[in-house]
Amino acid sequence: MTQSYSIKPVHQLPGRLRVRILQLRAQPDVAGWLKTHLLSFTGVKTVRLRPAAASAVLTYHTSKTDAEKLLAQLNDIDWDSATDSEYEPEYCGGDNLLNLAGLAATQFLPKRWSALPAIALMAPTIAEGVESLCQRELKVEVLDALALSLSIARGDYRTAMLTQSLLTLGEYFEQETSRHSDELLSELMQPQYHSVWVERDGESQEINAEALVNGDVMLLGPGDNIPADGSVLRGIGLINQASMTGESVPVRRETGAWVFAGTQVQDGNIAVRAERVGDESSTANIRRFITESLGQRSETQQVTQRMADRRVAITLGAGAGVFALTRDWNRLASVFLVDYSCALKLSTPIAFKSVMYKAATSGLLLKGGRAIEQLADIDTVVFDKTGTLTYGDMLVTNVVSFDPKHTWAKRLLAIAASVEEHSNHPLARAVVSAAQQHELPHINHGEVEYVIAHGLISELDGNRMVIGSRHFLREHYHIDFSPFREQIEELEEQGRHLLFISLNEQLVGMIGLQDNVRDEAAQIISQLRELGIKNVILLTGDKQHKAGQMAKDLGIDQFFAEATPESKVSVVQSLQEQGCRVMFVGDGVNDAPVLTQADVGLAMNQSTELAQQAADAVLLQDSLHGVVTARELAVDAMKLVNSNIKLTEWINSAIMLAAAMGRLSPTLSALLHNGTTIGVLLRSLAARK
């Protein structure tokens with residue numbers, strides 16, 4: 001068990017808090033994890049850590065939190081859950097000011113007086129290089145240390161100090177760029193706590209949203225932020241869900257509808273029962289998803305890291321060759337100051353973070369660089385049917401009366417709906433919904449008997465009425481279907497699900513239903529093909545005929561009917577064995593195994609929490625457009641990453657060649673290298689737009 005130290009403030013100003021965190025000294029390897037954790041605190045804007053000094057500086061929005069609350073959160077950190085993660089020491093404005101002072105000293109003081117402050121300021125850089133060599137690692141710190149040491153050895157403190165200043169300034173700007181990409185994502189992790197009116201014990205009272213508990217009734221009006229997930233008890237409101245789903249148009253929410261934490265009431269007044277507060281809310285799930293994402297490293301990041309390390313050896317070799325030919329110390333120092341490493345190592349994660357931010361503001365969560373990398377590489381998309389290509393409910397398409405004199409179509413639908421309203425089955429809900437849309441009257445009937453998995457029995461005007469499947473009516477009530485065989489087969493060939501109605505053992509009608517296919521489904525499949533997807537596959541529990549009809553209607557290449565959770569995994573495994581790179585799109589609890597098995601798992605907006613945890617990407621809006629967005633963003637991200645690598649290679653190689661030819665001084669070499677690095681990082685950061 002990790003030893004716990006009390007965290008105390010060192011210095012504080014409004015909006016800024018410096019604290020001593022002794023655990024940082026005891027566990028320096030968790031600094032990266034700690035920074036991400038602190039960025040998720042309410043109101044925190046930036047975090048700067050100094051592990052060696054065991055200190056942290058937090059800046060925050062005074063309107064959202066204060067020093068006392070932050071200290072309480074800091075002392076509640078669970079250090080046992082900390083994980084090792086990379087963290088580079090951060091430079092601040094004070095470091096640059098010190099270097100400027102040292103540079104001024106070398107300009108205006110005699111050499112013997114300026115040597116001491118110059119060496120003192122350069123000592124940490126040289127020490128890092130020595131430490132890297134002691135660990136038998138050739139890193140950029142070795143190159144920097146060698147370049148500075150060469151200038152010091154020649155007594156050229158002015159050049160050495162100018163080089164040190166440029167190196168520190170370059171590092172500072174690089175880290176500021178990286179920090180900005182972290183802050184973009186921290187915006188998405190921020191819980192939105194504020195005051196809210198609730199009903200408690202029959203009275204209205206104002207409380208802080210942090211004090212909400214499940215079951216509280218929140219009273220919300222225009223302009224109010226919704227602090228917890230819940231269902232509308234009464235009222236009608238227009239809800240702006242842009243912060244959650246990226247939708248620009250407010251959506252109507254009335255009694256029974258679900259609303260999300262982090263969204264806002266734009267118009268109307270609603271009472272909402274809080275059902276998921278605090279760490280159970282949708283915003284908390286997003287925060288956990290992003291926190292986990294930041295800890296994942298993609299294959300591209302690992303490759304660029306290895307490339308960067310190899311380039312250090314190349315630079316050392318080039319410098320040695322130049323010196324052997326020219327015996328020119330200046331050229332040697334200039335070559336050593338050309339570093340491919342920073343741009344290669346930093347541009348890739350910054351590009352991925354920028355794309356993750358852009359995706360989140362478009363209604364899509366991506367779980368880190370690996371997900372982006374895999375999304376760009378897929379060639380096969382497998383769709384689960386229910387809740388993915390369809391809305392999860394059914395749609396009445398046909399009402400056929402076999403006795404039009406007594407039970408014409410509209411009356412037949414009204415009769416069926418009046419009985420089916422006593423059932424919660426999806427087919428029953430579809431029939432009731434169709435009757436409501438046509439404003440059909442309620443038909444009086446007797447008591448309803450529900451026969452599980454078969455149908456409903458009731459009485460209508462003294463006649464026994466049975467509604468259910470063909471099997472139920474034929475086997476239990478011996479109803480003859482043969483006179484209507486052609487009409488029945490015609491609808492079955494169209495992939496309809498049929499519900500039959502009989503009165504006194506005589507078939508009087510049938511209702512045809514089909515899956516409520518998403519309006520955008522066919523368009524999305526077409527767009528995926530344009531984006532390079534070769535195979536689109538449907539997985540469904542439906543029978544062969546019905547599955548085949550849907551595949552034909554949507555332009556799907558292949559389908560697997562009567563699928564089970566186990567067979568879904570087998571299908572994906574089989575495709576992978578054939579060399580396919582597979583993305584699976586699903587939403588149910590039974591989809592978690594196949595979401596994990598696929599190269600990329602994408603969970604729908606209404607999917608279960610287990611499915612979302614297993615997925616590599618999660619849609620925040622109830623639409624398939626996010627599937628196309630995910631593919632587009634991933635392809636663009638990988639193009640950016642690859643072009644950054646090429647730019648870094650070509651530009652730095654040109655700088656090194658100029659340095660080797662004696663065309664660049666060490667100072668100019670450092671300036672050009674750092675300028676190139678910052679330019680590449682800014683290009684990566686710009687991907688957020």
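For this chain, numbers begin at 1 and follow the sequence in order.
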Mind checking the [atom1]-[atom2] spacing from [X] to [Y]? Nearest 0.5 Å is all I need.
| X | Y | atom1 | atom2 | result |
| --- | --- | --- | --- | --- |
| Leu633 | Phe352 | CG | CZ | 12.5 Å |
| Gln264 | Asn225 | CD | CG | 5.0 Å |
| Lys646 | Ile651 | NZ | CD1 | 13.5 Å |
| Ser149 | Met122 | OG | CE | 8.5 Å |
| Leu71 | Glu68 | CG | CD | 8.0 Å |
| Met656 | Leu672 | CE | CG | 13.0 Å |

I need the minimum non-hydrogen distance between [X] and [Y], along with the two atoms involved.
| X | Y | answer |
| --- | --- | --- |
| Ser665 | Ser334 | C-OG, 3.1 Å |
| Gly319 | Leu332 | O-CD1, 3.2 Å |
| Ile372 | Leu366 | CG1-CD1, 3.8 Å |
| Trp33 | Ile77 | CH2-CG2, 3.7 Å |
| Met638 | Ala376 | CG-CB, 3.5 Å |
| Leu24 | Ala54 | CB-CA, 4.2 Å |

Determine whether [X] and [Y] make a side-chain contact, defined as any pair of heavy atoms from C-beta on separated by less than 4.5 Å.
| X | Y | answer |
| --- | --- | --- |
| Leu70 | Tyr60 | yes |
| Gln23 | Ile7 | yes |
| Ile207 | Leu212 | yes |
| Asp616 | Leu595 | no |
| Gln374 | Met583 | no |
| Leu640 | Arg683 | yes |
| Val44 | Thr65 | no |
| Leu133 | Val130 | no |

Assess whether side chain to side chain contact (heavy atoms under 4.5 Å, CB included) is satisfied between Val30 and Trp79, documenting all intermediate values. CA-CA 9 Å; Val30 304; Trp79 290 93; 3.9 Å; yes
Judged by atom type as modelled, is there a donor-acceptor pair below 3.5 Å linking the side chain of Ser669 to the main-chain atoms of Ala659?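 Absent.
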Start with the C-alpha gap between Thr46 and Thr59, add the side-chain angles, then the distance that decides, and say whether side-chain hydrogen bond (donor to acceptor under 3.5 Å, both in side chains) holds. CA-CA 5 Å; Thr46 65; Thr59 62; 2.4 Å; yes
Any chance the side chains of [X] and [Y] put a donor and an acceptor closer than 3.5 Å?
| X | Y | value |
| --- | --- | --- |
| Asn214 | Arg276 | no |
| Asn652 | Thr676 | no |
| Ser55 | Arg48 | no |

Assess whether side chain to side chain contact (heavy atoms under 4.5 Å, CB included) is satisfied between Gln12 and Arg18, documenting all intermediate values. CA-CA 6 Å; Gln12 64 186 78; Arg18 180 187 289 276; over 6 Å; no
Assess the residue pair Lys35 and Leu38 against the criterion (side chain to side chain contact (heavy atoms under 4.5 Å, CB included)); give the C-alpha distance rounded to whole Å, side-chain angles, the decisive distance to 0.1 Å, and a yes or no. CA-CA 5 Å; Lys35 180 178 178 180; Leu38 297 182; 5.9 Å; no
Would you check, one step at a time, whether the test side chain to side chain contact (heavy atoms under 4.5 Å, CB included) holds for Ile152 with Ile126? CA-CA 11 Å; Ile152 291 171; Ile126 295 171; 3.8 Å; yes
Identified side-chain contact (heavy atoms from CB on, under 4.5 Å) counterpart of Val19 within the set Val10, Val57, Leu74, Asn75: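 So, applying the side-chain contact (heavy atoms from CB on, under 4.5 Å) to Val19 and each of Val10, Val57, Leu74, Asn75, only Leu74 qualifies.
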